[in-house]
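These notes are about the structure you will find just below.
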Amino acid sequence: MRVIYNSLGRECISAIAEIPHDFLFILCDSQVYNLHKEGALKDILSMLHPTHLQVFEASERSKSIDSATDLWEWLIAEGATRKSLLVNIGGGVVTDLGGYVASCYMRGIKTINIPTTLLAMVDASTGGKTGVNHQGIKNIIGVFYMPEEVIIDTCFLSTQAIPDLLSGYAEVIKHALLGGMESWKKCCMTDPLALTGEEWKDIVAENVIFKESIVAADFKESGLRKILNLGHTFGHAIESLSHYKQLAPLKHGEAVAIGMIIELYLTSSLLGTSTKTLYQLVQICRENFSPYAYNCKDYDSIIGYMTHDKKNAGNKISFIGLAQPGETKAIEIEDKEILKKGLDFYRETFGG
Ligand code: GLY
């Protein structure tokens, strides 16, 4: 893994040269391609046969099995072999989809991820989770499949739209909560919109090191890695609801921020732990995210989405609670009324 600033071309050339392969293929997000083809991506694109580039319009909708099929057909048509290398350039949709495509093509070809959004830099592109959405359920089809390399050039953050940057920042907040009191205190003092390029590079590097340390201990998520799902049980469900309703679909990190508020609230109400961190989190979220409006008629749908969560066992909804920064607790709830209290809390303190 490399975290760099403004030297993508040089790093890419050396990373690609170090991985034995016959043909190089690139899957690239269309917006990133248009913004950076003459800049940060110029060197890597110049290494490529033109038909070995797939410019992809990425969205949660296009992170689908149909898109994966299109990409497999492209690789077959272009003669990709088991020794070919696929480079995924873009946000989490591109790295999840491209990783999944690579994992199945000829039972697995090598990949490099070049994440271009904050969310993909600090979370999606590292750790080897790949997959697609299906029947409105996020990441329901997928495999664990490690990229050979992740090359992170934080220069891409300067062209990321602020709401997208802040969406990625929710995963930084999550890591700070998981990391312990020092990292949480630092997070409470940080204004993400005031950070310089060099400061971003340090923050991204710290976050990737934190995530990699957890993935190294538990790649297949049988234990420790589950803590990285903080905020994601409620978050994924509310995100799925927002996509189903189509009015104002939530970005992933915006949904995770809501999920973290609800999951911290439920932890403190079930275990009787301090609410100090919860209210600090609410404050940080107020500063960085807009409220999201759902109502009590949506509760059964949200709980319905949660029942598909991969972390559940039996009829219970399982999620990661947080007693205090750095101290997670596995929580299981069967009583829907308790889950609904969590949904009420968000609406009362923050929701639109
Ligand atoms: N996004 C959580 C994980 O990679 O485990």
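What you are looking at is a predicted structure, and each value in this text was computed from that prediction instead of being measured. Counting starts at 1 for both ligands and their atoms, following the listed order.
Residues of the protein with a heavy atom under 4.0 Å from ligand 1 are Asp123, Lys129, Lys211, Glu221, Arg225, Leu228, listed by chain and number.
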Let me have the donor-acceptor pairs involving side chains of residues 161-169, under 3.5 Å, with sequence neighbours excluded, atom names and distances please.
unit_1, atom_1, unit_2, atom_2, d
Asp164, OD1, Lys251, NZ, 3.0
Ser167, OG, Gly253, N, 2.9

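With hydrogens and angles left out, the side-chain atoms of Arg2 and Ser14 include a donor and acceptor closer than 3.5 Å.
For the side-chain hydrogen bond (donor to acceptor under 3.5 Å, both in side chains) condition, the pairs that include at least one residue of residues 103-121, sequence neighbours left out, are Asn88-Asn113. Residue pairs satisfying the side-chain hydrogen bond (donor to acceptor under 3.5 Å, both in side chains) criterion with at least one member in residues 38-49, sequence neighbours excluded, are listed as follows: His49-Thr51.
Crowding of Glu57 atom CD: a count of heavy atoms from other residues, nucleotides or ligands under 6.0 Å not exceeding 12.
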ask   = Would Lys63 and Asp96 count as a salt bridge (Lys or Arg N to Asp or Glu O under 4.0 Å) if you check the C-alpha gap in whole Å, the side-chain angles of each, and the deciding distance to 0.1 Å?
value = CA-CA 8 Å; Lys63 190 174 134 179; Asp96 281 14; 2.8 Å; yes
